[in-house]
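What follows is a set of notes on a single structure, which appears directly below.
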Amino acid sequence: QVHLVESGGGSVQAGGSLRLSCSVTGYSFGNICMAWFRQAAGKEREWVASLYRGGDFTDYADSVKGRFTISQDNAQSPVYLQMNSLNSEDTAMYYCAARHDMSNSYCSSHSLWYRTWGQGTQVTVSS
């Protein structure tokens, strides 16, 4: 069974950078989609970025495109979210998500599509 643990959150000034990490255990081979979501206080969970198996394909929300990078060295290594040029609107709890029972390389941006979630890591950006 896939298990996810996030780390790397914290507080940063606007314009700064953070790198989040999501360790993946319980997965050995086959298709897998990894994604980052975030949820600000009082708001719905929002998709940030997704990645298919080791970085073959990546996709980003418009709000983070050009500032955030999702990456993974291989399918068994941690998934990273490098966040640059942070602003106050990026303040949220960030969650790592995974799904590995697909028959193709499509990774959804909908939270209900993902089967496994981490516990979240808080990112706070102050202006």
Would you name the heavy atoms of Pro78 and Ser21 that are closest together and state the gap between them?
->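 So the minimum-distance heavy-atom pair works out to CB-OG, 3.7 Å.
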Write down the atom of Cys96, the atom of Glu6, and the distance for their closest heavy-atom approach.
->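 In terms of heavy atoms, the two residues are closest at N-OE2, 2.7 Å.
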Let me confirm one number: the [atom1]-[atom2] distance from [X] to [Y], rounded to the nearest 0.5 Å.
X	Y	atom1	atom2	answer
Gln72	Thr58	CD	OG1	12.0 Å
Asp90	Thr124	CG	OG1	11.0 Å
Ser88	Gln13	OG	CD	12.0 Å
Arg45	Met93	CZ	CE	9.5 Å
Ser63	Arg38	OG	CZ	4.5 Å

Ser109: partners by side chain to side chain contact (heavy atoms under 4.5 Å, CB included), with sequence neighbours left out =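 Ser109: side chain to side chain contact (heavy atoms under 4.5 Å, CB included) contacts with Trp47.
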CA sep, side-chain torsions, deciding dist, call: Ser50, Asp59, side chain to side chain donor-acceptor pair (under 3.5 Å) = CA-CA 5 Å; Ser50 56; Asp59 196 11; 5.0 Å; no
Give a yes or no on this: more than 12 heavy atoms of other residues, nucleotides or ligands lie within 6.0 Å of atom NZ of Lys43.
->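 For Lys43, atom NZ is not crowded (no more than 12 foreign heavy atoms under 6.0 Å).
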For the residue pair Gln82 and Asn84, confirm or rule out a side-chain donor-acceptor distance under 3.5 Å.
->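 Judged by distance alone, the side chains do pair up.
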Tyr60: hydrophobic cluster co-members (side-chain, 4.5 Å) |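 Answer for Tyr60: Val2, Leu4, Val12, Leu18, Leu20, Val24, Tyr27, Ile32, Met34, Trp36, Val48, Leu51, Val64, Phe68, Ile70, Val79, Leu81, Met83, Leu86, Tyr94, Val123, Val125.
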Would you please indicate yes or no on a ring centroid separation below 6.0 angstrom for Tyr106 and Phe57?
->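 No, the ring centres sit 6.0 Å or more apart.
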Under 3.5 Å, side chain of [X] to main-chain N/O of [Y], donor-acceptor pair present?
X	Y	answer
Thr121	Gly9	yes
Asn87	Ala14	no
Glu44	Gln39	no

Minimum side-chain heavy-atom gap Trp113-Arg99 below 4.5 Å |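 Yes, at least one pair of side-chain atoms sits under 4.5 Å.
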Looking at side-chain heavy atoms only, is the closest gap between Cys33 and Tyr114 below 4.5 Å?
->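 Yes. Closest side-chain heavy atoms under 4.5 Å.
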Over 60° means perpendicular and under 30° means parallel, so classify the ring planes of Trp117 and Phe37, tilted if in between.
->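 The rings of Phe37 and Trp117 sit tilted, inter-plane angle from 30° to 60°.
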